[in-house]
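As a basis for the values below, the full set of heavy atoms in this structure was taken, side chains included, without hydrogen atoms, waters or symmetry mates.
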Amino acid sequence: MNAFGHAGRTRTRLDWFCDAGLGFSLLLAILCVQAVEQNHSVTHAQGDFANPVSELPVPAELATPQSLPGKRHDEKQVSSVASLETPHLAPGVKQSGGPKPESVAATARPESPLPAIALDREPKALASIPVAAANKPELAPSLPKPPVPAPEQSPELQSVNGNGIYTARTAPNRQERITQLGGTQQSERAVQAGLNWLARHQADDGHWSDERKCERDQPCKSLKFGLPTAEVGAALGIDVDPGAIAEAGKAILGGSGDFGAPIAETGLAILAFQAGGHYSFNKQKYSSRVDRGLKWLIERQQPDGRIFGGQEYYGWYEHGIATFALAEACALAIANDQKPDPRILKAAQNAIKFIETHQYRKGGWQYWPETGQGDASVSGWQVLALKSAQEAKISISPKTMLQVNQFFTALGDPKTGQTGYVRRGAGTDLTTAVGLVVQEFVLKKPKSPLALNAVKYLRRRADQGIGQSGDFYTLYNGTLAMFLAGGDDWNDWNREVRDAVIKRQETAGCARGSWNHKYNRSLDTAWAVLTLEVYYRYSTD
């Protein structure tokens, strides 16, 4: 056998001719391949991406520093992005300056939050995909989709699955939490005494009012607080004289001559018990009191959803507070992995629908459901009811919340932090506190100029003795607002107001455990108790 593998015969001219033809064919094939490659390189340079899967380069916007030779890595730009990572390409896709496809497995990081890039996108679309920054190229062939981010929430107050914002009310370490957040043993003793007074003075049918009874089963005549003054009427925005209010009170209470709002009193008492961890379903010390109170409210609801008392001036106050209590009862059941009581849920849904249906054109509410401009005080209760309804998974129209935003934005003065009563301008301590609660708790704007300046305003008021002389309605809203603000401003407010509220509590006789300053002993006691329950009423974890 010779060198070409021919054996057994002598080579002829025909053999040499065949060998020459074969060589010529090979040479021609090589020239064709070179021509094809040269033509491909030209069309590729002209931007012809006819085959993007096999030849798609990594866009410059997505390349890591290593894939941009000769270009300085801009560290300042990297810091503005969440984290920089190389886009993930499917196996077999070429990448300029990166590892070869066979190195994918060695450099993959399965826990990376970025999904694989789809290969059927144009380069322009790929360049718009946001990526994070990394110090080295990392590839992954296929990864699960990242979780959808939760809606932006206030950093001071998060609502999550499980017990969510209500976690701390029944937490085993509640006493430890009280101490950490500014409460004391004295403040918690005052809360327990206040709840005890409310429990002793609940009517047999489940409501609270000025016709309350004490442990001797007799009306607490010594606790009559008298008729409202012109100052009270002005603070509430009621343009009537005290005599007219007194007549309205007589009509409500069967000629007793007392001034009160039983639906609001009942709703606030329920809120105070629920804030302390006593729910209608969890068999705590005062659970039966809460259950009876909720049933009493439901029985007073009208077919259109309203829960108004007999005094028209306080109809929306009573409705907002009652709806707040009903909606929170449903939210608490859901937070504790239970289904809300169907009667309570239906009543809350109907009450919320009434609030939405009768929202004024400019976004607020006031005394009558038909027409009106709306004020910060009345509107604040409706907004808190809406917030609790959201926690109870009750549907709220986006339009309703948009108008709430517009309404309180129109009342707030970002320069002073004050929220006006019916128009922007100098607000009261109460309306400023209500406006701040709405900014933080509902609108998720705890760092807006209005909110920050409102915190400063209330901090100054604490220095001026608001805890010693302020009404408990204002102190309740101010304390919740400052607690949500947190920081040194909260600590300063808390030191001033907490001890002042404790000192103002009655300690003897039938009134022991109660407060009474301006409005009504039941109302004032519930507000004071809620003020001192702030450390665990809403979780800020």
Side-chain angles (χ1 to χ4, degrees), residues 156-157 159 163-175 177-178 181-184 187-199 202 208 264-291 293-294 297 320-336 344 348 380-381 384-385 387-389 391-392 437 440-441 472-473 475-484 494 497-498 501-502 505 513-515 522-541:
E156 285 75 18
L157 192 65
S159 176
N163 278 315
I165 62 176
Y166 307 113
T167 304
R169 299 187 181 191
T170 56
N173 64 338
R174 192 174 83 169
Q175 188 57 54
R177 179 185 181 86
I178 293 171
L181 296 179
T184 63
S187 69
E188 188 59 12
R189 280 199 295 265
V191 166
Q192 298 308 317
L195 292 177
N196 180 267
W197 185 90
L198 288 170
Q202 185 181 25
W208 281 263
E265 294 173 62
T266 302
L268 281 173
I270 291 170
L271 288 169
F273 282 118
Q274 289 181 162
H278 303 272
Y279 310 150
S280 62
F281 55 83
N282 68 349
K283 299 181 180 180
Q284 294 300 303
K285 183 177 181 179
Y286 298 122
S287 291
S288 62
R289 304 276 181 180
V290 173
D291 186 60
L294 290 168
L297 289 177
I321 293 171
T323 306
F324 188 2
L326 291 166
E328 184 179 83
C330 296
L332 290 167
I334 293 173
N336 286 271
I344 300 175
W381 291 111
L384 290 175
K387 167 63 179 175
S388 294
E391 295 295 320
V437 169
E440 298 167 320
F441 194 24
F472 295 107
Y473 180 19
L475 294 179
Y476 154 72
N477 280 285
T479 298
L480 177 57
M482 296 299 281
F483 174 75
L484 295 177
N494 183 54
V497 173
R498 178 198 62 207
V501 171
I502 294 172
Q505 187 177 34
S514 68
W515 287 263
S522 294
L523 293 173
D524 286 342
T525 298
W527 276 320
V529 169
L530 286 164
T531 299
L532 296 176
E533 289 174 321
V534 72
Y535 313 107
Y536 46 83
R537 188 180 180 199
Y538 296 115
S539 175
T540 58
D541 297 335

Has the side chain of Thr525 got a donor or acceptor atom that lies under 3.5 Å from a matching backbone atom of Ser522?
no
Counting N and O atoms only, with roles assigned by atom type, does the side chain of Trp381 sit under 3.5 Å from a partner on the main chain of Phe324, one being a donor and the other an acceptor?
no
State whether the side chain of Ser287 and the backbone N or O of Tyr279 hold a donor-acceptor pair below 3.5 Å, judged by distance alone.
yes
If I compare all heavy atoms of Ser388 with all of Ala331, which pair ends up nearest, and what's the gap?
O-CB, 3.9 Å
Keeping the roles fixed (side chain from Thr479, backbone from Tyr476), state whether a donor-acceptor pair exists under 3.5 Å.
no
Please find the pair of heavy atoms, one from Glu533 and one from Leu195, that lie closest to each other, and give the distance.
OE2-CD1, 4.1 Å
Quick check against the 3.5 Å criterion: does Asn282 have a side-chain atom that pairs as donor or acceptor with the backbone of Gly277?
yes
Just by distance, do the side chain of Arg537 and the backbone of Ala275 share a donor-acceptor pair under 3.5 Å?
no
Has the side chain of Asn336 got a donor or acceptor atom that lies under 3.5 Å from a matching backbone atom of Leu332?
yes
Between the side chain of Trp515 and the main-chain N/O of Val501, is any donor-acceptor distance below 3.5 Å?
yes
Test log, rule side-chain hydrogen bond (donor to acceptor under 3.5 Å, both in side chains), inputs Asn494 and Tyr535:
CA-CA 10 Å; Asn494 183 54; Tyr535 313 107; 2.7 Å; yes
Judged by atom type as modelled, is there a donor-acceptor pair below 3.5 Å linking the side chain of Arg498 to the main-chain atoms of Gly182?
yes
Mark yes or no for whether Gln274, through its side chain, and Glu328, through its backbone, hold a donor-acceptor pair below 3.5 Å.
no
Would you verify whether the NZ or CZ of Arg169 falls within 45 degrees of the ring axis of Tyr538 while also being under 6.0 Å from that six-membered ring's centre?
yes
